[in-house]
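Please read these numbers as outputs of a predicted model, since none were measured by experiment.
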Amino acid sequence: MAAMDLPVIDLTPYLDHAASGGGYGGDPDPVSDLGRLCGRVSETLRETGALLVRDPRCSADDNDRFLDMMESYFERSDEFKRRQQRPDLHYQVGVTPEGVEVPRSLVDEEMQEKIRSMPEEFRPSTPTGPDPKWRYMWRVGPRPLMTRFKELNSEPVIPEGFSEWNDTMDSWGYKMISAIEVVAEMAAIGFGLERDAFTSLMKQGPHLLAPTGSDLKHYGHKGTVFAGYHYDLNFLTIHGRSRFPGLNIWLRNGQKVEVKVPIGCLLIQTGKELEWLTAGECLAGMHEVVVTDRTIDAIQSATERNRSLWRVSSTLFAHIASDAMLKPLGRFAESTLAEKYPPIYAGEFVEMELAVINLKGKKEHS
């Protein structure tokens, strides 16, 4: 399996354009340098389902501050961490222990059939059960006062002894949402849509900062599957760089590649809601997280430097607002595939997706 250097898109030119235009006004000419940059964003999302970006507002130091805190949290005892679990609230806030999240590839027969039809070198690793990773759920951004899809009215869960928790979670969460919004605008322009075609639908969406923690001291054996083969059902997913590699993605042509994220970059992946809005022009990116040779190398390096052996992913799921209508936008409505994507409320779509994996009401994402 090849490791892949995805193109890195620097968001600075677009941010400068927005600042000089007094807000995100005045769409760039498609044949200008900025217009071509927007075209690269949409083309890369279409062909690879993933994108690396550099956002001057999200520094490597910001990412490190977040990872440091989450490593400190996940290193606490299981007994301590379980005080933050809320199974009665279906784990929608607080911590989800390892062994709870079930990879879709274990329960989705259609997906299993697809895997069997793949060439052997491109097949995903086979999980043997639920994912052996922890996850922390933290809501980011305002929620609507009136909605058909009322989230559980539960307070955020804050672990004892982490005075910096709220500020660190909210700061990193808002910065990643800001990066997603710029990428969403650039992608819309690249696809020939109105600049705010996507971002207008994201307002008050049920965005979730949902970092995972995987204990490499116990599970750091080559081939261990931390996140089984799946796609994300939300709009776009964004991660800061993890200190331990292991993410594999599948390109549109079916090729499996290991992703390398440079220091200071953010990784963005396409979700099912974006697939719906583009009538399949952008497919939800399939991916998995597995212990590879490069993970083993990073474990050895961290051990030598006496660093944490918890693999933290700073994952944020950006969603379309639950009460917004998911349907192919603009020119995508004329696509021959548009009938595969009938209009549906985003909240209803999420419930439908979760029902497939028997997690309805338990999770807000896959």
Side-chain angles (χ1 to χ4, degrees), residues 24 41-42 45-46 49-51 53 92 104 137-152 173-174 176-210 230-239 266 268-285 315-333 335 337-338 340-357 359-361 363-366:
Y24 298 98
V41 168
S42 57
L45 290 175
R46 179 174 59 241
L51 181 71
V53 301
Q92 287 199 45
R104 188 171 185 134
M137 306 285 265
W138 185 264
R139 294 176 187 172
V140 177
R143 301 305 203 241
L145 294 175
M146 302 290 291
T147 173
R148 298 172 187 77
F149 305 95
K150 201 73 178 167
E151 290 179 280
L152 290 172
Y174 278 107
M176 291 211 290
I177 286 282
S178 297
I180 287 261
E181 288 172 343
V182 172
V183 168
E185 289 200 351
M186 294 177 76
I189 292 166
F191 283 130
L193 303 172
E194 292 293 319
R195 169 182 47 81
D196 66 348
F198 298 133
T199 52
S200 61
L201 298 175
M202 288 174 59
K203 286 184 171 52
Q204 297 189 328
H207 312 309
L208 280 171
L209 182 58
H230 69 289
Y231 61 76
D232 294 339
L233 62 81
N234 51 297
F235 172 59
L236 288 171
T237 302
I238 184 167
H239 321 260
L266 301 166
I268 291 174
Q269 294 175 275
T270 53
K272 201 70 174 179
E273 290 174 347
L274 178 60
E275 178 178 327
W276 213 271
L277 295 169
T278 61
E281 178 95 356
C282 267
L283 296 174
T315 304
L316 183 139
F317 299 104
H319 277 266
I320 298 303
S322 300
D323 293 276
M325 189 64 71
L326 275 184
K327 61 181 179 181
L329 302 175
R331 66 182 178 85
F332 299 120
S335 163
L337 297 175
K340 284 181 60 181
Y341 302 95
I344 183 171
Y345 286 114
E348 191 180 338
F349 168 76
V350 168
E351 290 175 352
M352 181 182 76
E353 284 281 304
L354 295 176
V356 172
I357 49 176
L359 289 176
K360 182 172 164 54
K363 290 276 182 211
E364 292 172 303
H365 60 85
S366 61

Listed partners of Tyr345 passing ring-ring contact (aromatic ring centres under 6.0 Å, His included), at least two apart: none
Approximate separation, where rounding is to 0.5 Å, of Leu236 CG and Leu274 CG: 5.5 Å
With sequence neighbours excluded, residues passing side-chain hydrogen bond (donor to acceptor under 3.5 Å, both in side chains) with Thr315: His239, Ser313
Distance (rounded to the nearest 0.5 Å) between Ile320 CD1 and His207 NE2: 8.0 Å
Exam field: side chain Glu353 to backbone Leu233, donor-acceptor pair closer than 3.5 Å: no
Straight-line distance of Thr270 OG1 to Leu45 CG, nearest 0.5 Å: 6.5 Å
Atom pair NE2 (His319) and OG1 (Thr237), whose distance is rounded to the nearest 0.5 Å: 7.5 Å
Atom pair CG (Leu51) and CD1 (Ile268), whose distance is rounded to the nearest 0.5 Å: 5.5 Å
Sequence neighbours excluded, every pair satisfying side chain to side chain donor-acceptor pair (under 3.5 Å) that has a member inside residues 275-284: Arg46-Glu281, Lys272-Glu275, Glu275-Tyr341
Side chain to side chain contact (heavy atoms under 4.5 Å, CB included) partners for Ala321, two or more places apart: Ala324
Side chain to side chain contact (heavy atoms under 4.5 Å, CB included) involving Ala184 - partner list, sequence neighbours excluded: Phe198, Thr199, Met202, Phe235
Closest non-hydrogen atom pair between Leu316 and Gly173, with its separation: CD1-O, 3.6 Å
Under the side chain to side chain contact (heavy atoms under 4.5 Å, CB included) test, residues paired with Lys203 that sit two or more places apart: none
CA sep, side-chain torsions, deciding dist, call: Met176, Val140, side chain to side chain contact (heavy atoms under 4.5 Å, CB included): CA-CA 10 Å; Met176 291 211 290; Val140 177; over 6 Å; no
Arg148 (side chain) donor-acceptor with Ser322 (main chain) under 3.5 angstrom: no
Shortest non-hydrogen contact from Ser42 toward Ala187: CB-O, 3.8 Å
Nearest-0.5 Å distance, CD of residue Glu348 to CE of residue Met325: 8.0 Å
Phe332 vs Leu277, side chain to side chain contact (heavy atoms under 4.5 Å, CB included): CA-CA, chis, key distance, verdict: CA-CA 8 Å; Phe332 299 120; Leu277 295 169; over 6 Å; no
